Amino acid sequence: MNDSSSAPGQPLPFMRNALEGVRRLAPYEPGMPIEELQRRLGVSDAVKLASNENPLGISPKVRVALERAATGGLERYPDGSGFRLKKKLAALHGIAPERITLGNGSNDILEFIARVFLGPGRAAMFSKHAFAVYPIATQAQGADAVVVPALPPDAAQPYGHDLAGFTRLLRPDVSVIFVANPNNPTGTWLAPAELERFLAQVRPHVIVVLDEAYWHYQEPSTRPDTRAWLERFPNLVVARTFSKIYGLASLRVGYALSHPAVADLMNRVRQPFNNNSLALLAGEVALDDEEFVKRSVALNAKERARLERELTALGLAVLPSQANFLAVGFGRDAAPVHQGLLERGVIVRPMKSYDLPQFLRVTVGTEAENTRFLNALKEVLAGAASAATGRA
Ligand SMILES: Cc1ncc(COP(=O)(O)O)c(C=O)c1O
């Protein structure tokens, strides 16, 4: 008999067959979509500074290319090999196309690595307060997580990766190490010499994923020499994305640079058509528009510095950042501030799920968006201060 209904209050019979790691997973919490807040507030001018997107949108060249291509050839499967985009990326990085794997966002790359190298009896290592997908991808594979305590709040890189701690806690069952540089949600980063020393210490059978989603926003002097490191460390996988500086978050394009053998393994678990044709085209054209990248970098540098200055002047703790966002500490539970901002039509990201409940993460927006955020924040803080005085 196959009666799929079950008595109220009884667990559904198939639940016990769901993999344990998946059953215990807490799903990824995305930033609130702008439409949702607008629906809730009944307004049309909400501002979203919650998902580290590019406030300038997409390159005008990409827009033109997409408009031209939008309705042509959609009945055909895309080029599953990503030949043209890989060729361009290979030229950009000065490496062979065989070292490149395309992902549906760099999130896809992180999952390929987990599927190829993690499973029961294995472990992944990553820092506390690091990008949320590392624990999710690890647990979904039934692997263990070795979570390295972060640097202390008074360190030069507060709550950042402690590579000495990584080395100390390394266990024989660790087959993957995830390093986010700069890290999301803290914005902290690692000096190239320190990273290089770490890579030289890790045994060569352990895959090290260097997640560089925010690479473009870094000071050039703090960027690793990716090409040389790929030659020197065959166990290194560098993950990059088109979601941030290129503004293509919605289209989902990311890629990995690695040893060809690692790329070959990733390609075995990759969906044959994981990038759609518009995403592949947008990626290709985006690489041609250096001016858009420069403009995006310049806006971010200027506005990040302004936000940092103004938030510090409000007495808030701003973590040093080389990304397109800032983690802001309130010295108390930040949930009421988050709520107050939402009520004023400004969406930022709570950091409670990162075990930093006193912090909010704000994406660097346009000048107008940042001013709107700062004004809303001042109002919220003033309201909290007067409520406290009223109570006293
Ligand atoms: C550190 C880090 N890695 C990877 C990603 C995944 O980005 P995407 O899948 O859009 O490429 C993000 C997204 O925010 C991120 O912050």
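Values below: all heavy atoms of this structure, side chains included; hydrogens, waters and symmetry mates excluded. In listed order, ligands and their atoms are each counted from 1. Everything numeric in this text was worked out from a predicted model, so none of it was measured.
- Side chain to side chain, Q322 and T222 meet the donor-acceptor criterion of an N or O pair below 3.5 Å.
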List the atom pairs, donor and acceptor, that lie under 3.5 Å between side-chain atoms in residues 98-107 and the rest of the protein, sequence neighbours left out.
from, atom 1, to, atom 2, distance (Å)
R99, NH1, S258, O, 3.3
N104, ND2, N274, O, 2.6
N107, ND2, E111, OE2, 3.2

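- Sorted by chain and number, the heavy-atom contacts of ligand 1 below 4.0 Å come from G105, S106, N107, F131, N184, D211, A213, Y214, T241, S243, K244, R252.
- Sorted by first and then second residue, the salt bridge (Lys or Arg N to Asp or Glu O under 4.0 Å) pairs involving residues 31-40 (not counting sequence neighbours) are E36-R40.
- Considering only residues two or more places apart in sequence or on other chains, K87 meets the side-chain hydrogen bond (donor to acceptor under 3.5 Å, both in side chains) condition with none of them.
- Side-chain contact between F373 and V47 is absent, with no heavy-atom pair separated by less than 4.5 Å.
- Of the N and O atoms on the side chains of R361 and N184, at least one donor lies less than 3.5 Å from an acceptor on the other residue.
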